[in-house]
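Predicted model only: the values in this text are computed from it and were never measured.
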Amino acid sequence: MYEDAEFAAPASREAIDQIERWLGPPVPSELRDLLRHTDGVRAEHGSGLVWPTRKIIERNSQFRQDADFAELYMSFDQLLFFGDDGGGNQFAHVQVPAERPDVFMWDHETDERRWVARSLADYLQRRAGDDDW
């Protein structure tokens with residue numbers, strides 16, 4: 001789907017489990033399966049279609065703990081960010097109150113969180129297409 005896609009080596013089970021230890025709720029099954037095959041996918045001129053496990057932990061921790069973000073935006077605790085569009089918008093699964101396979105986009109300029117795909121596979125297909133996020 002992506003001519004410029006770059007795939008990393010598979011993430012270890014321990015690296016994926018660290019996401020849960022650091023951030024709380026279980027990693028959605030579809031994301032866990034993808035990370036077992038590749039620890040991140042870069043494409044579309046370097047955007048992070050799916051971040052590596054280390055970046056998932058770092059970015060989610062930053063979003064949840066940054067005092068400036070807490071003043072500017074609604075809470076990020078219910079989201080598990082896993083990718084970006086290269087322009088500041090982030091993509092996430094909703095983790096609380098229950099895991100959902102849907103993907104939502106967080107707009108960094110408006111703090112809007114909107115549904116964009118019914119699953120991780122659907123998200124990847126839509127990103128490869130002409131959908132205007």
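Residues His37 and Pro10 form no side-chain contact, since every pair of their non-hydrogen atoms from C-beta on lies 4.5 Å or further apart. Between Arg64 and Ser75 there is no side-chain heavy-atom pair separated by less than 4.5 Å. Residues His93 and Asp102 are not in side-chain contact: their nearest non-hydrogen atoms beyond the backbone lie 4.5 Å or more apart. The shortest distance between side-chain heavy atoms of Leu80 and Leu23 falls below 4.5 Å. Within the 4.5 Å cutoff, the side chain of Ile19 has heavy atoms near those of the Leu35 side chain. With contacts defined as side-chain heavy-atom distances shorter than 4.5 Å, the pair Leu120/Leu34 qualifies.
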Next on the checklist: If you apply the rule side-chain contact (heavy atoms from CB on, under 4.5 Å), what do you find for Phe82 with Tyr123, and how did you get there?
Outcome noted: CA-CA 11 Å; Phe82 64 83; Tyr123 156 80; 3.5 Å; yes
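In this structure, Ser119 and Val103 approach most closely via the heavy-atom pair O-CG2, 3.7 Å. For the pair Pro26 and Gln95, the tightest heavy-atom approach, listed with the atom from each and the gap, is O-NE2, 2.6 Å. The heavy-atom pair separating Leu79 from Asn60 by the smallest distance is O-OD1, 3.6 Å. Residues Arg21 and Glu14 come closest through the heavy atom pair NH2-O, 3.8 Å. Considering all non-hydrogen atoms of both residues, Phe81 and Ile56 come closest at O-CG2, 3.7 Å. Nearest heavy atom pair, residue Arg126 against residue Val116, reads CD-O, 3.2 Å.
Sorted by first and then second residue, the salt bridge (charged side-chain N to carboxylate O under 4.0 Å, His left out) pairs with a member in residues 27-38 read Asp17-Arg32, Glu20-Arg32, Asp33-Arg36; sequence neighbours excluded.
Judged by distance alone, with hydrogens and angles left aside, the side-chain atoms of Arg59 form no donor-acceptor pair with the main-chain N or O of Trp51 at under 3.5 Å. At distances below 3.5 Å, not a single donor-acceptor pair connects side-chain atoms of Thr53 with backbone N or O atoms of Ile16. Of the possible polar contacts, none joining the Asp84 side chain to the Gly88 backbone as a donor-acceptor pair under 3.5 Å is found. With hydrogens and angles disregarded, a donor-acceptor distance shorter than 3.5 Å links the side chain of Asp122 to the backbone of Arg118.
When the side chain to side chain contact (heavy atoms under 4.5 Å, CB included) test is applied to Phe69, the partners found at least two apart in sequence or on another chain are Gln62, Phe63, Asp66, Tyr73, Phe76. Ala70 pairs by the side chain to side chain contact (heavy atoms under 4.5 Å, CB included) definition with nothing, not counting sequence neighbours.
Going from atom CD of Gln18 over to atom CD1 of Ile57 covers 5.0 Å, rounded to the nearest 0.5 Å. Note that CD of Gln90 is 10.0 Å distant from CE of Met105, once rounded to the nearest 0.5 Å.
Cluster membership for Met74 and Trp115, using ILVMFWY side-chain heavy atoms within less than 4.5 angstrom, is not shared.
Checking Trp106 against Asp111 by side-chain atom types alone, a donor-acceptor pair falls below 3.5 Å.
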